[in-house]
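Note sheet for the following structure.
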Amino acid sequence: VHFMIKTHKLPLRTMPVRTQIETDFSVRSFRGGYDDNFTYLLTCMRTRNQCLVDSAVPYNQIEPFINSGLILILITHSHHDHIAYLNDYIKHHPNLVVVCHPTVSKQLKVHYPKPVEDGNTVTVGQLSVDVLHTEGHNLDSICYLVENIIFTGDTLFVGRTGRTVSAGSNTDALYKSVYEKLLTLPEETIIYPGHDYGPDPSITIGENIKISPLLRADDKTDFKKRMADFETNRT
């Protein structure tokens with residue numbers, strides 16, 4: 001289990017812009033599931049409200065760290081390994097709000113779906129979670145940005161991007177999502193991916209660019225060539 005606490009200042013939305021409060025948050029990482037998946041538990045330390053990112057590991061693996069403030073689960077995309085244990089999570093928390101892309105909300109049989117689109121914001125206690133629609137690996141892929149960290153699902157891993165070999169994937173769309181949305185974030189932004197595929201479980205965007213040829217393409221044509229080479233040479 002990986003653990004991190006960050007302290008930042010956020011503007012209080014109901015107060016004048018110059019008024020600020022401190023907002024602490026923690027991220028716990030849980031690895032398991034079908035393919036070294038990650039599920040994350042995000043906690044607002046000021047309010048104790050919590051949310052989960054994906055339901056890729058069994059509930060009993062996370063249960064000891066859940067308090068009475070669990071309110072949301074953020075779904076990064078609809079591939080089975082990322083929603084495998086969703087029904088079990090909802091069984092234990094029937095009021096859990098499921099945040100996801102609109103197409104996913106139509107597929108899932110949940111009591112409280114919350115479809116979101118690019119540019120939307122959801123809140124967890126005093127934390128603001130920004131929604132980035134990052135199609136490419138899948139049509140319904142979403143990344144969730146919280147201050148200086150971002151949960152990237154299968155759009156971006158440590159050392160490489162997601163693959164575009166399954167139904168619903170598109171390399172052109174992935175290039176746009178990665179290069180125009182994720183790589184334009186501050187270099188110190190920390191990514192928390194959907195799988196433990198790299199040399200470390202998480203990494204800053206700046207360091208990720210240094211270690212990944214897929215993140216140093218000259219343009220879309222070059223990126224597509226690098227992606228094709230990656231698929232040819234992957235083991």
Side-chain angles (χ1 to χ4, degrees), residues 1-2 27 29-40 53-58 61 74-86 100-101 103-104 107 132-145 149-185 187-235:
V1 175
H2 309 286
V27 177
S29 308
F30 302 86
R31 185 178 65 184
Y34 288 84
D35 185 18
D36 285 333
N37 288 78
F38 280 125
T39 286
Y40 299 100
V53 181
D54 282 342
S55 53
V57 303
Q61 191 174 338
L74 312 175
I75 302 298
T76 62
H77 63 296
S78 61
H79 284 169
H80 175 70
D81 54 326
H82 292 263
I83 58 174
Y85 298 97
L86 181 59
C100 55
H101 188 272
T103 60
V104 182
Q107 300 172 24
L132 286 74
H133 181 210
T134 53
E135 64 177 311
H137 174 72
N138 205 40
L139 291 170
D140 54 30
S141 292
I142 287 178
C143 295
Y144 298 96
L145 178 67
I149 68 172
I150 186 164
F151 301 100
T152 55
D154 286 4
T155 299
L156 184 61
F157 299 122
V158 175
R160 67 175 177 87
T161 68
R163 300 174 69 196
T164 53
V165 296
S166 59
S169 65
N170 183 285
T171 306
D172 292 278
L174 181 66
Y175 173 81
K176 184 175 181 179
S177 294
V178 170
Y179 277 80
E180 296 183 13
K181 291 186 177 180
L182 300 185
L183 298 190
T184 61
L185 295 171
E187 288 190 352
E188 62 272 17
T189 304
I190 302 169
I191 73 164
Y192 285 82
H195 294 266
D196 190 11
Y197 284 164
D200 295 295
S202 61
I203 195 171
T204 66
I205 286 178
E207 288 300 316
N208 212 15
I209 292 172
K210 293 178 182 178
I211 70 170
S212 175
L214 292 178
L215 302 180
R216 298 196 302 271
D218 295 330
D219 52 28
K220 183 167 66 176
T221 300
D222 186 30
F223 176 72
K224 294 173 74 172
K225 181 181 183 302
R226 292 179 185 226
M227 287 286 285
D229 291 343
F230 168 77
E231 289 296 335
T232 300
N233 298 312
R234 72 186 298 267
T235 57

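Residues take their numbers from the sequence shown, with the count starting at 1.
The structure places OG1 of Thr189 at 6.5 Å from CG of Leu145, a figure rounded to the nearest 0.5 Å. The distance from the CD1 atom of Ile205 to the CG atom of Leu185 is 4.5 Å, given to the nearest 0.5 Å. Distance CG/Leu182 to CG/Leu132: 6.5 Å, rounded to 0.5 Å. For the atom pair CZ of Phe230 and CZ of Arg160, the computed distance is 4.0 Å after rounding to the nearest 0.5 Å. The distance from the CD1 atom of Ile75 to the OG atom of Ser55 is 4.5 Å, given to the nearest 0.5 Å. Atom-to-atom distance recorded for Asp140:CG and His77:NE2 is 7.5 Å, nearest 0.5 angstrom.
Within the structure, every pair that satisfies the salt bridge (Lys or Arg N to Asp or Glu O under 4.0 Å) test and touches residues 197-209, not counting sequence neighbours, is listed here: Glu207-Lys210.
Residues Val27 and Phe151 form a side-chain contact, since some pair of their non-hydrogen atoms from C-beta on lies under 4.5 Å apart. Using a 4.5 Å cut-off on side-chain heavy atoms (C-beta onward), Asp172 and Lys224 make contact. Residues Ile211 and Val158 form a side-chain contact, since some pair of their non-hydrogen atoms from C-beta on lies under 4.5 Å apart. Here the side chains of Leu156 and Leu215 are in contact, with some heavy-atom distance below 4.5 Å.
Listed by chain and number, the residues in a side chain to side chain contact (heavy atoms under 4.5 Å, CB included) with Ser202 are Ile190, Tyr192 (sequence neighbours excluded). Under the side chain to side chain donor-acceptor pair (under 3.5 Å) criterion, Lys225 pairs with Asp229, sequence neighbours left out. Evaluation of the side chain to side chain contact (heavy atoms under 4.5 Å, CB included) rule for Lys176 yields Glu180 as partners, not counting sequence neighbours. With sequence neighbours left out, the salt bridge (Lys or Arg N to Asp or Glu O under 4.0 Å) criterion links Arg226 to Asp222. The side chain to side chain donor-acceptor pair (under 3.5 Å) check on Ser166 picks up nothing, with sequence neighbours excluded. Under the salt bridge (Lys or Arg N to Asp or Glu O under 4.0 Å) criterion, Asp35 pairs with no residue at all, not counting sequence neighbours. Taking His82 as the reference, Asp54, Asp154, His195 meet the side chain to side chain donor-acceptor pair (under 3.5 Å) condition, with sequence neighbours excluded. Residues satisfying the side chain to side chain donor-acceptor pair (under 3.5 Å) criterion with Arg163, sequence neighbours excluded, are Glu231. Under the ring pair (Phe, Tyr, Trp, His ring centres under 6.0 Å) criterion, His133 pairs with His101, not counting sequence neighbours. Every residue meeting the side chain to side chain contact (heavy atoms under 4.5 Å, CB included) condition with Ala173, not counting sequence neighbours, appears here in chain and number order: Glu135, Asn170. Taking Gln61 as the reference, Phe30, Val57, Pro58 meet the side chain to side chain contact (heavy atoms under 4.5 Å, CB included) condition, with sequence neighbours excluded.
When all heavy atoms are compared, the tightest approach of Ala84 to Tyr34 is CB-CE1, 3.4 Å. For Ile150 against Cys143, the heavy-atom pair with the smallest separation is CD1-CB, 3.9 Å. Of all the heavy atoms in Phe38 and Pro201, the pair that sits closest is CZ-CB, 3.7 Å. Considering all non-hydrogen atoms of both residues, Tyr40 and Pro193 come closest at OH-O, 2.5 Å. Across every non-hydrogen atom of Ala167 and Asn138, the tightest pair is O-OD1, 3.5 Å. The shortest non-hydrogen separation linking Asn208 to Ile191 is ND2-CD1, 3.5 Å.
The backbone N or O of Lys181 lies less than 3.5 Å from a partner atom in the side chain of Thr184, making a donor-acceptor pair. Side-chain atoms of Ser212 come within 3.5 Å of backbone N or O of Gly159 as a donor-acceptor pair.
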Residue pair Leu214, Met227: steps toward the side-chain contact (heavy atoms from CB on, under 4.5 Å) verdict: CA-CA 7 Å; Leu214 292 178; Met227 287 286 285; 4.0 Å; yes
Leu74 vs Ile142, side-chain contact (heavy atoms from CB on, under 4.5 Å): CA-CA, chis, key distance, verdict: CA-CA 9 Å; Leu74 312 175; Ile142 287 178; over 6 Å; no
Worked verdict on Thr134 versus Val178 for side-chain contact (heavy atoms from CB on, under 4.5 Å): CA-CA 7 Å; Thr134 53; Val178 170; over 6 Å; no
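Note on ring orientation: taking the six-membered ring where Trp is involved, the planes of Phe223 and Tyr175 are tilted (angle from 30° to 60°).
Enclosure of atom CD in Gln107 by more than 12 non-hydrogen atoms of other residues, nucleotides or ligands within 6.0 angstrom is indicated.
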